[in-house]
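Data block below; observations after.
The basis for the numbers below is simple: all heavy atoms, side chains too, and nothing from hydrogens, waters or symmetry mates. Remember, predicted model here, so these are calculated numbers, not experimental data. This chain uses plain numbering: 1 for the first residue, then up along the sequence. We count ligands from 1, going down the list as the structure has it; atoms in each ligand are counted the same way.
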Amino acid sequence: MKLDVAFSDAHSHSNPVHGVGAKVIARKFKEKGGWFIALVSLSPWSYGIESPGYESYIKAITVHRRECDDAAGERLNVACFSGFHPADVDRLIDKYKVPGESVLELGLKVIEYIGGLCRDRVLSGIGEVGRQHYKTSPERVVIAELILEKALEYLVDYDCIIQMHLEHTGPITVELVDRVAKRVNLRGRHMKRLIFHHSKPVTSLEAYKRGYSSTIPGTSRLLRYAFTTMDPFYMVESDYIDDPHRPGVVAYPWAVVDEQVELYREGVVDEEYLHKINIDNVVRVFEVEYG
Ligand SMILES: [Zn+2]
Ligand SMILES: [Zn+2]
């Protein structure tokens, strides 16, 4: 049986300095049947920009924008994101010895710049922002939270889609975000534009119940679980890091396609389900056109 579905990757990275870069990623992904990719920028030092200030972030955003253009040049539909990753808070304090208050100031300034770019439709939105998923100091979590809350205001004001990186505590993670969202008056079609990236199924379900979106890592184990227990309300991501020197959860965007095709062959999932998570949900959340 021939599977007639185009695939998407709702959260991925590219690194033109240490990795293969967006052009190669886009080409390979498209060959495998990819039609859409959300490309999320990396921190300045990932591109070899080693000074910790505002200008470094602007440079990193410029590098990333070029990456998005390269991917779009391969006739892939691209959503382009830049942010201030919660782990940057720790890195700036630990490695670069920036005081906490200055990190907060820097983060807010960077987010303001990105907000302007998405208001002008140069970027699709802000990501990653959120909270650390590992143990760190309370001060640093608060800094990350304040930056996230500013980003949420830009979703309301400028329609910036937000890719959130959060701790994995399930429903209470969603509860806190929901309270902040209500406080900044997030509602209507803006709600689906708030994405819980790297969600566990339980977080994804809770987000869905409250009107938000989520992406699930496209590993074989998680996809099998999601396909057999969840309705197709979420999207799939690779969170590909494009850096051979950085270990971690690394799935190639095209490997995520392979996993889905394999599960289809096994009869675990049908074409309609794959169509919903790879096309319908992406069109609805990112407001892009398919075909
Ligand atoms: Zn993340
Ligand atoms: Zn990521």
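Taking the Zn ion (ligand 2) as reference, Asp239 places its N/O/S atom OD1 nearest. Distances from the Zn ion (ligand 1) to each N, O or S atom of His165 single out ND1 as the nearest. The N, O or S atom of His13 with the smallest distance to the Zn ion (ligand 2) is NE2. Taking the Zn ion (ligand 1) as reference, Glu128 places its N/O/S atom OE1 nearest.
At a threshold of 2.8 Å, the Zn ion (ligand 1) has no backbone or side-chain N, O or S atom of His133 nearer than that distance. Among the atoms of His85, none of the N, O or S atoms falls under 2.8 Å from the Zn ion (ligand 1). At a cut-off of 2.8 Å, His11 coordinates the Zn ion (ligand 2) through an N, O or S atom.
His133 and His168 have tilted rings, their planes meeting at an angle from 30° to 60° on a 0 to 90° scale. Note: His13 and His11 have perpendicular aromatic rings, judged against thresholds of 30 and 60 degrees for the angle between ring planes.
Checked options Phe29, Tyr290, Phe286, Phe7; the residue passing with Trp35 is Tyr290 (criterion: ring-ring contact (aromatic ring centres under 6.0 Å, His included)).
Taking the charged nitrogens against the carboxylate oxygens, Arg224 and Glu259 have no contact shorter than 4.0 Å, which rules out a salt bridge. A salt bridge links Lys150 and Glu153; the closest N-O separation between the charged side-chain nitrogens and carboxylate oxygens is under 4.0 Å. A salt bridge does not link Lys109 with Glu105: every distance from a Lys NZ or Arg NE/NH1/NH2 to an Asp or Glu carboxylate oxygen is 4.0 Å or more.
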